[in-house]
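Just the heavy atoms: all of them, side chains too, but no hydrogens, waters or symmetry mates, feed the values below.
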Amino acid sequence: MAREMIVREVVGEIYDAFPNLLEDLEEHESEQELERLQQENAYHLDNLETTYEMDNIEFFLNYTEWLDNVLTSRNVDRYMIIDNFERLQRLIPGNVEEEEEGAYVMYLESAIDLLKERQDQENAT
């Protein structure tokens with residue numbers, strides 16, 4: 001897997017799309033934020049790989065629910081998680097083993113659907 005390339009591309013795209021994420025931070029804080037987002041995306045890939053090895057999509061969906069709970073409790077908009085997963089979903093094809101590619105994309109699609117359902121439920125209340 002071209003792990004470092006995927007992480008670098010996703011993080012670069014996020015900061016290009018949302019430059020305000022670093023806007024009010026000091027230089028050392030910006031570096032920490034960049035490192036945190038890179039590490040977070042590496043965790044996403046780790047969990048995709050583990051899900052594939054276990055052949056159990058529930059593992060990734062449970063991870064997604066946990067991630068959503070943690071990040072939204074820290075005032076990270078759920079849209080940012082969805083956006084991140086959509087970027088991963090787009091960059092994975094051609095950058096992971098061919099037999100894993102379809103599974104990873106499907107896991108991410110299911111996770112995105114789960115997050116959108118949670119968003120809809122939250123908006124309905």
Side-chain angles (χ1 to χ4, degrees):
M1 174 189 317
R3 173 188 216 84
E4 291 79 23
M5 189 282 299
I6 294 170
V7 168
R8 188 177 59 249
E9 288 290 320
V10 167
V11 171
E13 285 184 12
I14 289 171
Y15 284 119
D16 286 346
F18 304 100
N20 60 324
L21 292 175
L22 298 177
E23 204 169 76
D24 296 326
L25 300 178
E26 299 289 329
E27 184 175 339
H28 73 282
E29 292 173 318
S30 293
E31 291 171 12
Q32 289 174 336
E33 180 64 16
L34 179 64
E35 187 175 307
R36 183 199 59 76
L37 192 55
Q38 289 172 335
Q39 190 174 49
E40 191 174 284
N41 274 278
Y43 290 148
H44 300 337
L45 293 172
D46 288 344
N47 279 280
L48 286 167
E49 186 175 1
T50 301
T51 300
Y52 179 80
E53 290 169 357
M54 293 172 57
D55 190 25
N56 182 356
I57 191 170
E58 289 303 314
F59 182 82
F60 195 73
L61 295 178
N62 289 338
Y63 167 73
T64 299
E65 288 178 328
W66 170 83
L67 179 69
D68 182 50
N69 290 336
V70 169
L71 294 180
T72 56
S73 74
R74 295 179 182 165
N75 296 318
V76 173
D77 193 308
R78 185 173 287 120
Y79 172 78
M80 295 301 295
I81 306 167
I82 294 168
D83 179 80
N84 195 150
F85 279 7
E86 287 173 340
R87 291 176 194 281
L88 281 170
Q89 191 177 36
R90 187 176 40 75
L91 288 168
I92 281 174
N95 291 304
V96 300
E97 296 296 322
E98 193 173 325
E99 65 272 4
E100 296 174 11
E101 187 177 293
Y104 287 10
V105 169
M106 188 264 299
Y107 302 155
L108 286 162
E109 186 65 36
S110 295
I112 291 165
D113 289 345
L114 172 78
L115 291 167
K116 288 179 177 179
E117 283 177 30
R118 287 181 132 198
Q119 187 70 48
D120 291 344
Q121 289 171 353
E122 191 174 279
N123 290 339
T125 56

What's the shortest heavy-atom distance between [X] and [Y], and which atoms?
{"X": "I57", "Y": "S110", "value": "CD1-OG, 3.4 Å"}
{"X": "Y104", "Y": "L48", "value": "CE1-O, 3.5 Å"}
{"X": "E65", "Y": "R118", "value": "O-NH1, 3.4 Å"}
{"X": "F85", "Y": "I112", "value": "CB-CG1, 3.8 Å"}
{"X": "N69", "Y": "T72", "value": "O-OG1, 3.6 Å"}
{"X": "P93", "Y": "V105", "value": "CG-CG2, 4.1 Å"}

Would you say [atom1] of [X] has more than 12 non-hydrogen atoms from neighbouring residues, nucleotides or ligands within 6.0 angstrom?
{"X": "D16", "atom1": "CG", "value": "yes"}
{"X": "E35", "atom1": "CD", "value": "no"}
{"X": "E98", "atom1": "CD", "value": "no"}

Note to self: Working to the nearest 0.5 angstrom, can you tell me the gap between E9 CD and I14 CD1?
What the structure shows: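 Reported to 0.5 Å precision, the distance equals 11.5 Å.
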Checklist line | side chain to side chain contact (heavy atoms under 4.5 Å, CB included) assessment of L88 paired with L45 | finding: CA-CA 9 Å; L88 281 170; L45 293 172; 4.1 Å; yes
Under 3.5 Å donor-acceptor, [X] side chain and [Y] backbone:
{"X": "N84", "Y": "M80", "answer": "no"}
{"X": "D68", "Y": "T64", "answer": "no"}
{"X": "E100", "Y": "E49", "answer": "no"}

Notebook entry, point to check: With sequence neighbours excluded, what pairs up with Q38 under the side-chain contact (heavy atoms from CB on, under 4.5 Å) test?
Noted result: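 For Q38, the residues satisfying side-chain contact (heavy atoms from CB on, under 4.5 Å) (neighbours in sequence not counted) are V7, V11, L34.
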Next item on the list: Just jot down the salt bridge (Lys or Arg N to Asp or Glu O under 4.0 Å) partners of D46, sequence neighbours excluded, or say none.
Entry: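 Scan of D46 (salt bridge (Lys or Arg N to Asp or Glu O under 4.0 Å), adjacent residues dropped) gives R3.
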Next item on the list: With sequence neighbours excluded, tell me which residues meet salt bridge (Lys or Arg N to Asp or Glu O under 4.0 Å) with E13.
Entry: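 Partners of E13 by the salt bridge (Lys or Arg N to Asp or Glu O under 4.0 Å) criterion, ordered by chain and then number, come out as R87, R90.
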Checklist line | Side chains of Q119 and L115 in contact at under 4.5 Å (non-hydrogen atoms) | finding: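 SC-SC contact between Q119 and L115 ruled out.
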Look at the side-chain heavy atoms of Ile, Leu, Val, Met, Phe, Trp and Tyr, link any pair under 4.5 Å apart, and say whether [X] and [Y] land in one connected group.
{"X": "L114", "Y": "Y79", "answer": "yes"}
{"X": "F60", "Y": "M54", "answer": "no"}
{"X": "L108", "Y": "L71", "answer": "yes"}
{"X": "W66", "Y": "F59", "answer": "no"}

Next item on the list: Take E33 and Y15 through the side chain to side chain contact (heavy atoms under 4.5 Å, CB included) test and state the conclusion after the steps.
Entry: CA-CA 11 Å; E33 180 64 16; Y15 284 119; 3.0 Å; yes
Next item on the list: Please lay out, stage by stage, how D83 and F18 fare under the test side chain to side chain contact (heavy atoms under 4.5 Å, CB included).
Entry: CA-CA 11 Å; D83 179 80; F18 304 100; 3.5 Å; yes
Check: So, for Y107 and Y63, is the gap between ring centers shorter than 6.0 Å?
Finding: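 Ring-ring flag for Y107/Y63: false, centres at least 6.0 Å apart.
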